[in-house]
2 protein chains.
Amino acid sequence: MRTDDTSGRTAYGSGRVTAPRRLIASTASQLNRAFTIDELADAVRDTDPRHAATATVYRAVAAMEASGFLVRVGQRDGATLFARCGDSARHHHHVVCDSCGKIAHAACPLPEVESGHTAGFIITRHEVTLYGLCPACAAGGGSD
Amino acid sequence: MRTDDTSGRTAYGSGRVTAPRRLIASTASQLNRAFTIDELADAVRDTDPRHAATATVYRAVAAMEASGFLVRVGQRDGATLFARCGDSARHHHHVVCDSCGKIAHAACPLPEVESGHTAGFIITRHEVTLYGLCPACAAGGGSD
DNA sequence: GTGTATGCAAACTGTTTGCATGGAC
DNA sequence: GTCCATGCAAACAGTTTGCATACAC
């Protein structure tokens with residue numbers, strides 16, 4: 001299936017599409033799992049060592065997050081985990097495989113609490129992240 | 001009500017109880033809200049400027065988290081938010097007031113997902129944090 | 001031609017660690 | 001007396017920013 005427009009239009013919205021940005025967006029899509037910025041930068045340099053300084057990747061990721069192309073799905077060792085998520089219209093969360101980084105959608109478990117009340121508090125936002133093992137890693141013993 | 005043993009025994013479990021640690025635990029309890037380590041360190045130095053170097057506070061907080069005296073309840077500007085939570089026996093989460101930092105318990109909204117399955121994944125752990133406004137801040141317009 | 005993205009390096013922030021000293025037990 | 005906690009400062013990792021140059025539009 002081909003659900004990602006890696007030309008850059010989808011990834012960066014109204015921002016400019018440059019060679020490094022195209023490569024970064026394409027790499028992020030092809031990773032097909034949750035990744036840290038550092039991992040993404042490594043993968044990009046794997047394709048083209050001349051491109052994508054760390055700062056550029058950070059800025060590109062920020063732009064892609066702003067456009068909804070990427071979402072942050074959790075943390076790992078203090079670093080933010082991002083992932084490509086095509087379904088930005090429907091509110092949901094993500095499950096991250098601790099072993100291979102694969103992600104899946106998870107319905108929001110806060111049907112009534114969402115934008116509602118808890119202990120008298122007015123809830124304005126919430127963060128839900130699930131971690132575990134994907135079917136493949138659960139069956140295979142954890143290796144990728 | 002006096003629910004906190006600030007002598008240090010409860011806070012540090014089997015660890016040693018020193019003057020700085022006692023002060024740190026006592027201050028953490030008295031804050032009565034979510035705080036970053038930096039805020040806690042400031043509050044401690046407010047009482048005794050000679051005690052509690054940053055590293056000491058970090059180590060004391062780590063010890064108190066290990067003993068269950070403190071729990072991490074979220075993040076703020078990249079820093080970890082901690083809070084005193086006396087109910088470590090029952091699994092639950094917390095609501096943090098974005099305005100004054102006050103916290104309240106929140107029931108875990110993952111009754112079936114918890115230690116269960118989602119999209120074929122085996123869920124091993126989850127993080128849920130709610131942010132909003134406490135009753136006082138919601139009524140008073142947001143000031144503490 | 002204008003303005004934004006790049007790349008490099010320095011700066012920043014939250015957090016951790018090494019080491020010699022002091023104090024809890 | 002032994003071992004852990006302290007304090008200071010340096011080290012560290014992730015992330016952000018300043019600035020001159022290159023390129024998308």
Side-chain angles (χ1 to χ4, degrees), chain A residues 5-28 34-45 47-67 69-70 72-82, chain B residues 5-28 34-45 47-67 69-70 72-82:
Chain A
D5 165 24
T6 53
S7 73
R9 241 177 311 130
T10 301
Y12 299 101
S14 58
R16 291 190 180 173
V17 179
T18 63
R21 283 193 157 197
R22 208 176 337 246
L23 178 56
I24 293 168
S26 156
T27 304
F35 53 82
T36 64
I37 302 229
D38 210 53
E39 291 171 348
L40 175 58
D42 278 346
V44 169
R45 294 189 199 105
T47 301
D48 187 340
R50 306 206 172 288
H51 274 159
T54 304
T56 301
V57 180
Y58 270 94
R59 285 187 272 231
V61 167
M64 290 190 283
E65 189 191 4
S67 80
F69 187 78
L70 293 184
R72 55 186 75 200
V73 296
Q75 301 255 128
R76 184 162 62 213
D77 299 323
T80 306
L81 285 177
F82 290 90
Chain B
D5 165 24
T6 53
S7 73
R9 243 176 310 129
T10 301
Y12 300 100
S14 57
R16 290 189 181 173
V17 179
T18 63
R21 284 193 156 194
R22 209 177 333 249
L23 178 55
I24 293 169
S26 157
T27 305
F35 53 82
T36 63
I37 301 228
D38 210 52
E39 290 170 349
L40 175 58
D42 278 346
V44 169
R45 295 190 198 106
T47 301
D48 187 340
R50 306 207 173 287
H51 274 159
T54 303
T56 301
V57 180
Y58 270 93
R59 285 187 272 230
V61 167
M64 289 190 283
E65 190 192 3
S67 80
F69 187 78
L70 294 184
R72 54 186 77 199
V73 295
Q75 302 255 128
R76 184 161 63 212
D77 300 323
T80 306
L81 284 177
F82 290 89

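Chain identifiers are assigned alphabetically (A, B, ...) following the order of the sequence lines, protein sequences preceding nucleic acid strands; residue numbering begins at 1 within each chain.
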Check nucleotides 21-23 of chain C for protein N or O atoms closer than 3.5 Å to its own N or O atoms and list the pairs.
residue, atom, partner, partner atom, Å
C:dG23, N2, B:Arg16, NH1, 2.6

Practice prompt. Produce a footprint string for nucleotides 13-20 of chain C: one letter per nucleotide, 5' end first; B if the base is under 4.0 Å from any protein heavy atom, S if only the sugar-phosphate is, - if neither.
Written response: -SBBBB--
Between [Y] and [X], is there a side-chain heavy-atom distance shorter than 4.5 Å?
X       : Y       : value
A:Leu70 : A:Phe35 : yes
A:Ile24 : A:Met64 : yes
B:Gln75 : B:Leu81 : no
A:Val61 : A:Phe69 : no

Worksheet item: When all nucleic acid strands are considered with a 4.0 Å heavy-atom cut-off, which category describes B:Ala52: base, sugar-phosphate, or nothing?
Response: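 Answer is sugar-phosphate: B:Ala52 comes under 4.0 Å of backbone atoms only.
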Worksheet entry | For B:Arg59, all residues meeting side chain to side chain contact (heavy atoms under 4.5 Å, CB included), sequence neighbours excluded |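 Applying side chain to side chain contact (heavy atoms under 4.5 Å, CB included) to B:Arg59 gives B:Ala55.
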Worksheet item: Which residues pass the side chain to side chain contact (heavy atoms under 4.5 Å, CB included) test with B:Arg72, sequence neighbours left out?
Response: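 For B:Arg72, the residues satisfying side chain to side chain contact (heavy atoms under 4.5 Å, CB included) (neighbours in sequence not counted) are B:Glu65, B:Thr80, B:Phe82.
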Practice prompt. Please name the pair of heavy atoms, one in A:Ala52 and one in A:Val44, separated by the smallest distance, quoted to 0.1 Å.
Written response: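 Scanning both residues completely, I find the closest heavy atoms to be CB-CG1, 3.4 Å.
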Worksheet entry | Under the salt bridge (Lys or Arg N to Asp or Glu O under 4.0 Å) test, residues paired with A:Asp48 that sit two or more places apart |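 For A:Asp48 there are no salt bridge (Lys or Arg N to Asp or Glu O under 4.0 Å) partners, ignoring immediate neighbours.
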Fill in: Rounded distance (nearest 0.5 Å) linking atom CG of B:Asp42 with atom OG1 of B:Thr47
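Spacing of CG (B:Asp42) from OG1 (B:Thr47) equals 11.0 Å.
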Worksheet item: Could you state the interatomic distance from CG (B:Asp38) to OH (B:Tyr58), rounded to the nearest 0.5 Å?
Response: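 Going from CG on B:Asp38 over to OH on B:Tyr58, the span is 6.5 Å.
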Discussion item. Please confirm whether the shortest side-chain N or O distance from B:Thr56 to OP1 or OP2 of D:dA5 is below 4.0 Å.
Written reply: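 No, no such contact exists.
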How many Å lie between [atom1] on [X] and [atom2] on [N], as a whole number?
X       : N     : atom1 : atom2 : result
A:Asp48 : C:dG7 : CG    : P     : 9 Å
A:Arg45 : C:dT6 : CZ    : P     : 13 Å
B:Arg21 : D:dG7 : CZ    : P     : 11 Å

Item to complete: Take the C1' atoms of the five end pairs on each side of the helix from C:dG1-D:dC25 to C:dC25-D:dG1, derive the two axes, and give their angle rounded to 10 degrees.
Response: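 About 40°, once rounded to a multiple of 10°.
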Fill in: Given DNA chain C, 5'-ward residue of the pair A:Arg50 and B:Ala19, judged by closest heavy atom
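The answer here is A:Arg50.
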Item to complete: Would you check if there is a donor-acceptor pair between the side chains of A:Arg45 and A:Thr54 at a distance under 3.5 Å?
Response: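 Their side chains do contain a donor-acceptor pair, which is all the 3.5 Å distance test asks for.
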